[in-house]
Asker: 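Here it is: the structure, laid out below.
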Amino acid sequence: MPDKPAKRPKERKQKRPAKRRLGLAGRVALIAICAAVVATLAQWIATPYMAQGEVRTQQAIAVTSGVNLLADVSTLHVRAGHWNEIKDLVDALSDGLPGGQSAVFDANWQLVAKDGSTASLPPAKSLEALVRDPKAILNAGDRVYAARAIGSPDSPMGYAVFSFAPRPALEIWMAIVMLNALVLVLALAVIAPFLIPIARQALKPVTDLERGIRKRDAKDKSKLADSSDDRLLKPLLAAVDEVHERSEAAMRRALTLAYTDPVTRLPNRLRFVSRLDAAVAGGQGLFLIICDLDRFRQINVTFGPRVADMALATVAERLRASASQLQLGGFFLGRIGADQFGIILPVAEQSIVGEFLMNAEKAISEGMTLDAQPVRVTAAFGVARAQHDATTGADLLKLAEVALKEAKGKSGARRAFFDKALLAKAHARSKLEEELREGLERGEFIAVFQPKVKLETGELVGAEALARWRRPDGAIVSPGVFIPIAEELGLIQALGKSVMRDACFAAAGWNSRGIISSVAVNVSPHQFDDPDFVNSVYQALDDSGLPPQLLELEITESAAVADADRVARIMWPLRNRGVRLAIDDFGTGHSNFAAITRLPFDVFKIDQQFVRALSTDPHAPAIVEMILAMAEALGQETVAEGVETKEQADFLLRRACTIGQGYYYSPPLPAAEFDAFVRSYRPKPADRFAA
Ligand code: C2E
Ligand code: MG
Ligand code: MG
């Protein structure tokens, strides 16, 4: 395939020069200018509107003054009989009042004189009406008219009419606008240079305050509102204080959430690691302990997440109590994983750490009653020492993990201090894990078979399938090495299924040839985590054609007792199908007889250590006898493991054990060799009466 073209780095957006933004004073000045413009605009509209009445009054005064003058002077002339003077009067008036128009009529409304204007006069009727009301004026066309009687109004000798054309309203309005605009521009030109400094000066308290707030030390907790008595600013500052307090509280909450484990209220991994980093980087001598709970997933599955959370909180409490018992100052505890706690112990002596671990291990493993249910938790501890083992927090954590892995593999006191040899061991283990994965893919895991013999007659009654890892170089690895690793890596389910199928097919083959009857297969408790486990057993039986009665599943006593209810839940359907169940390695677990009797078992397998000890340990015969008596009482079959000698077989038969398995009869054999062994087998009956 052609290589994909490498992604082009994102083209950077061209940076535009940042726009210069107006400052507060600039903005206030701008607002002032806008306000002035708006006010001027409003004035342009309002002034002509409001001046209309005044204009009309002025027009009335002008036209009334004109007509009065014309009428009064005409009266004088007419009384003196100088009608011929009227024409000169009209002309003189039109020169004196430009834009005015004068006309004089005789008593019969015959025109006597009229100035040179071409404008036509309104009809005589309208003029007569005007005469009757001396205050009236008439708007006709674009002119304003007034009329008065010459002489006495009661017996007029003639009529004077005066009119003029006022300037158009638009012209007046335009004149106002122009004038206002001119004034505004001039005013702005004069004021503008002072506007920003004035605004700046006026806003100085606010800008000073803003600068003060920005420069404020983050640790300064004083209230801003206390820094001003200004009537306007104080409530504003109080509001800023309130918002600040609220955002600080929200920030504190967010930080708490980000760094705290909600279940145990302990610092979470993030906070723990940062504390560890700081302490180690500061050159502090300390021990880092990782406390890892065993099979915690099982507690989750069995009791549910609520109880599991309670168990975690209880463990945290017990760890804390163990530290305070020793009065360990500077002790820092955090939850660093789902089932892991991290502990920083700033002490110099390893012995103190040892003492703490002993207390903690004991405290954790004490029973708990959570939600009215008995829960037991155990833990393993890995320890690394700062400055001595590593000089950074991250390295120290890694090394404590290495030590933890060692501790997890231990029985008894499950705690380990890091040392260099563990690192090599850890590398070897990682390699082994990788090879195990590959081996499973390549089908390197096979079943070998060890016969089970009826003690009394020596006849073969079945076989136990035992897993072996046949490495590519021919080396055989025993299950004691790889089963725990497969369990830890979650590979046991695939491995168990493969052994189960091998065993069922082998036993079906023997059965069809009429040789030995049943086959026993070991089941790891981890296989119960697989929801498909029961089905996979049915599948192996169906595919091989082996009758279910000929399959026996072996569960170790410790696994059976650890989670009896779950074992019962899973085993009952299989048992109902006819599959037989055996308790393996009986006597090695923390025998809980009440739990065992609740379980649907058919067979007890006595652990080989008791059989081996028969000749060496004076108590062993009594223990074996007790187990056998119990099995007999429960009506169960008994198989003794690890029978290596005839004496052991004889003793077991004497004590009513029914079946034996061990090197005395045969070691586990590959399927092909097992067939040959069966064909050449000569029964070895035990002797009940042997001394
Ligand atoms: P186990 O089920 O108790 O198997 C008996 C162990 O005792 C086998 O060890 C067997 O080889 C050994 N043995 C038998 N007779 C004698 C004897 O006379 N003397 C001595 N010293 N040992 C004898 P092996 O095969 O190494 O298996 C060890 C354990 O590994 C088994 O103990 C079983 O718990 C587990 N295991 C084996 N195969 C499987 C498997 O397929 N699945 C699971 N989950 N566990 C398995
Ligand atoms: Mg077994
Ligand atoms: Mg066993």
Side-chain angles (χ1 to χ4, degrees), residues 411 436 439-440 444-453 455 462-470 476-504 506-507 518-530 533 536-537 540 551-560 567 580-589 601 603-616 627 637-649 652 659-671 673-674 677 684:
S411 53
L436 195 144
L440 197 62
E444 289 172 15
F445 291 87
I446 54 157
V448 294
F449 300 93
Q450 184 172 36
K452 293 200 293 189
V453 173
L455 286 170
E464 177 176 4
L466 294 158
R468 293 289 179 268
W469 181 6
R470 197 162 47 196
I476 300 287
V477 183
S478 85
V481 175
F482 64 79
I483 294 280
I485 304 175
E487 285 179 339
E488 207 175 293
L489 299 183
L491 298 173
I492 189 70
Q493 292 161 359
L495 201 153
K497 275 181 196 169
S498 142
V499 174
M500 178 80 65
R501 291 183 73 80
D502 281 2
C504 287
S518 72
V519 72
V521 179
N522 294 284
V523 174
S524 153
H526 290 263
Q527 287 176 261
F528 299 152
D529 296 343
D530 178 7
F533 171 71
S536 73
V537 177
L551 177 66
E552 195 171 288
L553 300 184
E554 293 189 7
I555 299 153
T556 60
E557 182 194 14
S558 48
V567 172
R580 281 156 50 92
L581 303 176
I583 297 192
D584 203 354
D585 301 346
F586 192 79
T588 56
F601 283 106
V603 182
F604 271 104
K605 292 192 79 173
I606 302 168
D607 191 68
Q608 53 180 280
Q609 64 172 305
F610 300 112
V611 178
R612 200 180 310 130
L614 278 178
S615 51
T616 53
I627 295 170
E637 191 174 83
T638 41
V639 179
E641 294 180 335
V643 179
E644 292 184 353
T645 62
K646 184 168 182 313
E647 291 68 37
Q648 289 167 345
L652 290 162
I659 291 165
Q661 175 186 344
Y663 296 164
Y664 174 57
Y665 302 105
S666 163
L669 300 168
E673 288 174 39
F674 187 81
F677 165 80
K684 290 184 183 172

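Just the heavy atoms: all of them, side chains too, but no hydrogens, waters or symmetry mates, feed the values below. Atoms within each ligand, like the ligands themselves, are counted from 1 in listed order. These numbers were taken from a predicted model, which means no experiment stands behind them.
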Asker: Quick check: Ser478 and ligand 1, any N/O pair under 3.5 Å apart?
Answerer: no
Asker: Which is it for Thr556 and ligand 1 at heavy atoms under 4.0 Å: side chain, backbone, both or neither?
Answerer: neither
Asker: Could you tell me whether ligand 1 has any atom less than 4.0 Å away from a heavy atom of Glu464?
Answerer: yes
Asker: Between ligand 1 and Ala467, is the shortest N or O to N or O distance under 3.5 Å?
Answerer: yes
Asker: Mind checking how many protein N/O/S atoms fall short of 2.8 Å from the Mg ion (ligand 3)?
Answerer: 4
Asker: Among Glu464, Glu641, Gln661, which residue satisfies the side-chain hydrogen bond (donor to acceptor under 3.5 Å, both in side chains) criterion with Gln450?
Answerer: Gln661
Asker: Heavy-atom distances under 4.0 Å are what count here, so tell me which part of Lys605 touches ligand 1: side chain, backbone, both or neither.
Answerer: neither
Asker: Side-chain atoms of residues 477-488: list all donor-acceptor pairs with protein atoms under 3.5 Å, sequence neighbours left out, distances to 0.1 Å.
Answerer:
{"from": "Glu487", "atom 1": "OE2", "to": "Ser524", "atom 2": "OG", "distance (Å)": "2.7"}
{"from": "Glu488", "atom 1": "OE1", "to": "Arg429", "atom 2": "NH2", "distance (Å)": "3.1"}
{"from": "Glu488", "atom 1": "OE2", "to": "Arg429", "atom 2": "NH2", "distance (Å)": "3.2"}

Asker: By atom name, which N, O or S atom of Glu464 is the nearest to the Mg ion (ligand 2)?
Answerer: OE2
Asker: Quick one: look at Pro668 and ligand 1, take heavy-atom pairs under 4.0 Å, and tell me if it's side chain, backbone, both or neither.
Answerer: side chain
Asker: May I ask you to test the Gln493-Asp529 pair for a side-chain heavy-atom distance under 4.5 Å?
Answerer: yes
Asker: Examine Glu644 against ligand 1 and note whether any of their N/O atoms are separated by less than 3.5 Å.
Answerer: yes
